[in-house]
Protein chains: 2
Amino acid sequence: MDTAEIKKRIVQGGMKFTHQRMVIYGALSLSEDHPTAERVHEKIKSANPSISLGTVYKTLDSFVNAGILQKFTDDTGIMRFDPVLETHSHLYCNDSKEFRDFKNPLLEKLLKSFFEENEIEGFEVEEVSLVIKGKTK
Amino acid sequence: MDTAEIKKRIVQGGMKFTHQRMVIYGALSLSEDHPTAERVHEKIKSANPSISLGTVYKTLDSFVNAGILQKFTDDTGIMRFDPVLETHSHLYCNDSKEFRDFKNPLLEKLLKSFFEENEIEGFEVEEVSLVIKGKTK
DNA sequence: GTCTATGCAAACGATTTGCATCCAA
DNA sequence: TTGGATGCAAATCGTTTGCATAGAC
């Protein structure tokens, strides 16, 4: 994702465009992993030593509220950020403790049809979140 | 679940049987919700004021290691405990922020077959965890 | 009697908050 | 110019740890 595209996303999210937001979103959009706030801070601080960890937290939170970033919490309770907005699942490696995106149209269709065809009594489904745990081989 | 059954579970898990473990497992096995450690402590403390929150944490952790309790982490990063050991999913109400168990053999079979029939390149699936988010109606 | 479980208090670590200053619009 | 964004430090809070004592086996 290039500079212009990132700026567009930030502005479309209804946010002021700042240097910090540019740098932080840039670090995220490059990463295939699902970094924590601290990891994002590490990635950017050599080139941008003045951006504080507090700002990274606040900025990531603003991105989530603006809908241009997704967040989830891993098994250890630490927040993870994901710039991929489309419906997708996550692979979690029990050995390396790392996440990877898993996009599979068939699986998504399967889940979608299941919940369309099977009403859950007393509950209205809005979204489903699937984590696939196992080992990289 | 009665006293004898709880004692059996604790002993079969290879753990010493203590009054604290009895009380803590008892509080969990009664609850359809998925309480936090603090919630468990609240539930038991009027009848057992000497059981400390630290002991609740250590005990719940021992149960998980012994395999007689499952734990997961909610979206806010707080640990939740679940005495239901069989494969099942969770319903999460965005309004009340509460979890309910969702057992559905068809859904479980669907997911199981999907991952049996669709090899994920470079990944060996061990378990899948599904959270269904929405609203109680 | 031995070895683990418990209670207590202090430590920890990820995240949030308050507030003065800065800067994009 | 002005309201929102940033940097810094202190506060928060769920959870863990260390250690002396108690209790299960």
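Basis for what follows: all heavy atoms, side chains included, without hydrogens, waters or symmetry-related copies. Just so it is clear: chains get the letters A, B, ... in the order the sequence lines come, proteins before strands, and each one is counted from 1. This is a predicted model, so every value here is computed, not measured.
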On DNA chain D, does the nearest nucleotide to B:Arg80 precede the nearest nucleotide to A:Gly54 from the 5' side, or the other way round? Give the residue.
A:Gly54

For B:Thr36, which contact category applies under a 4.0 Å heavy-atom criterion: base, sugar-phosphate, or nothing?
nothing

Pairs under 3.5 angstrom only: tabulate donor-acceptor contacts from the side chains of residues 120-127 of chain A to other protein residues two or more places apart or in another chain.
{"unit_1": "A:Glu126", "atom_1": "OE1", "unit_2": "B:Asn94", "atom_2": "ND2", "d": "2.8"}
{"unit_1": "A:Glu126", "atom_1": "OE2", "unit_2": "B:Lys135", "atom_2": "NZ", "d": "3.3"}

Checking C:dT6, D:dC25, D:dG14 against the side chain of B:Phe17 (C-beta onward), the nearest is D:dC25

Mind calculating the distance between OH (B:Tyr25) and P (C:dA5) to the nearest angstrom?
17 Å

Residue that, paired with A:Asp75, satisfies salt bridge (charged side-chain N to carboxylate O under 4.0 Å, His left out) out of A:Lys97, A:Arg80, A:Lys133
A:Lys133

Atom-to-atom span, CZ of B:Arg39 to P of D:dC13 - whole angstrom
18 Å

Using the side chain to side chain contact (heavy atoms under 4.5 Å, CB included) rule, take B:Leu85 and B:Arg9 through it: C-alpha gap first, then chi angles, then the decisive distance, then the call.
CA-CA 12 Å; B:Leu85 300 179; B:Arg9 286 213 182 189; 4.2 Å; yes

Of the listed nucleotides D:dG23, C:dT15, C:dA24, the one nearest the side chain of A:Met79
C:dT15

Choose from C:dG7, D:dT15, C:dA5 the nucleotide whose nearest atom is closest to any side-chain atom of B:Thr55.
C:dG7

Can you figure out which of C:dT4, D:dA5, D:dC8 approaches the side chain of B:Lys16 most closely?
C:dT4

Choosing from C:dA14, D:dA5, C:dA5, which nucleotide comes nearest the side chain of A:Arg21?
D:dA5

Does the side chain of A:Tyr57 get closer than 4.0 angstrom to OP1 or OP2 of C:dT15 through an N or O atom?
yes

Whole angstroms only, please: what is the CG-P distance between B:Asp61 and C:dA5?
12 Å

Against the side chain of B:Lys58, the closest entry in C:dA25, C:dT17, D:dG18 is D:dG18

How bent is the helix from C:dG1-D:dC25 to C:dA25-D:dT1, comparing axes over its five end pairs at each side, to the nearest 10°?
40°

From CG of A:Asp75 over to P of C:dA14, roughly how many Å is that when rounded to an integer?
16 Å

Starting at the 5' end of DNA chain D, which residue's closest nucleotide do you reach first, A:Ser50 or B:Met15?
A:Ser50

Kindly point out which of D:dG3, C:dA5, D:dT15 is positioned nearest to the side chain of B:Ile78?
D:dT15

Using atom CG of B:Leu60 as one end and atom P of C:dT6 as the other, report the distance to the nearest whole Å.
11 Å

Evaluation steps, side chain to side chain contact (heavy atoms under 4.5 Å, CB included), between B:Phe99 and B:Phe72
CA-CA 11 Å; B:Phe99 287 91; B:Phe72 62 97; 3.8 Å; yes

Any side-chain donor paired with an acceptor under 3.5 Å for A:His34 and A:Asp74?
no

Separation of C:dT15 C1' from A:Asp74 CG (nearest whole Å)
14 Å

Within this structure, what is the CE-to-C1' distance between B:Met22 and C:dT6, rounded to whole angstrom?
18 Å

Walk me through it: do A:Val84 and A:Gln70 pass the test side chain to side chain contact (heavy atoms under 4.5 Å, CB included)?
CA-CA 7 Å; A:Val84 176; A:Gln70 291 201 292; 5.8 Å; no

Go nucleotide by nucleotide along DNA chain C from the 5' end; which of B:Ser62 and A:Thr18 gets its closest nucleotide reached first?
B:Ser62

What is the distance from CD1 of B:Ile51 to P of C:dG7, rounded to the nearest Å?
6 Å

Before accepting this row, confirm whether a basic side-chain N of the pair B:Glu108/B:Lys112 lies closer than 4.0 Å to the acidic partner's carboxylate O.
no

Show which side-chain atoms of residues 38-47 of chain A pair as donor or acceptor with protein atoms under 3.5 Å away, not counting sequence neighbours.
{"unit_1": "A:Arg39", "atom_1": "NH1", "unit_2": "A:Glu42", "atom_2": "OE1", "d": "3.2"}
{"unit_1": "A:His41", "atom_1": "NE2", "unit_2": "A:Ile51", "atom_2": "O", "d": "2.9"}

Compare side-chain N and O positions of B:Gln20 against OP1 and OP2 of D:dG23 and report whether any pair is under 4.0 Å apart.
no

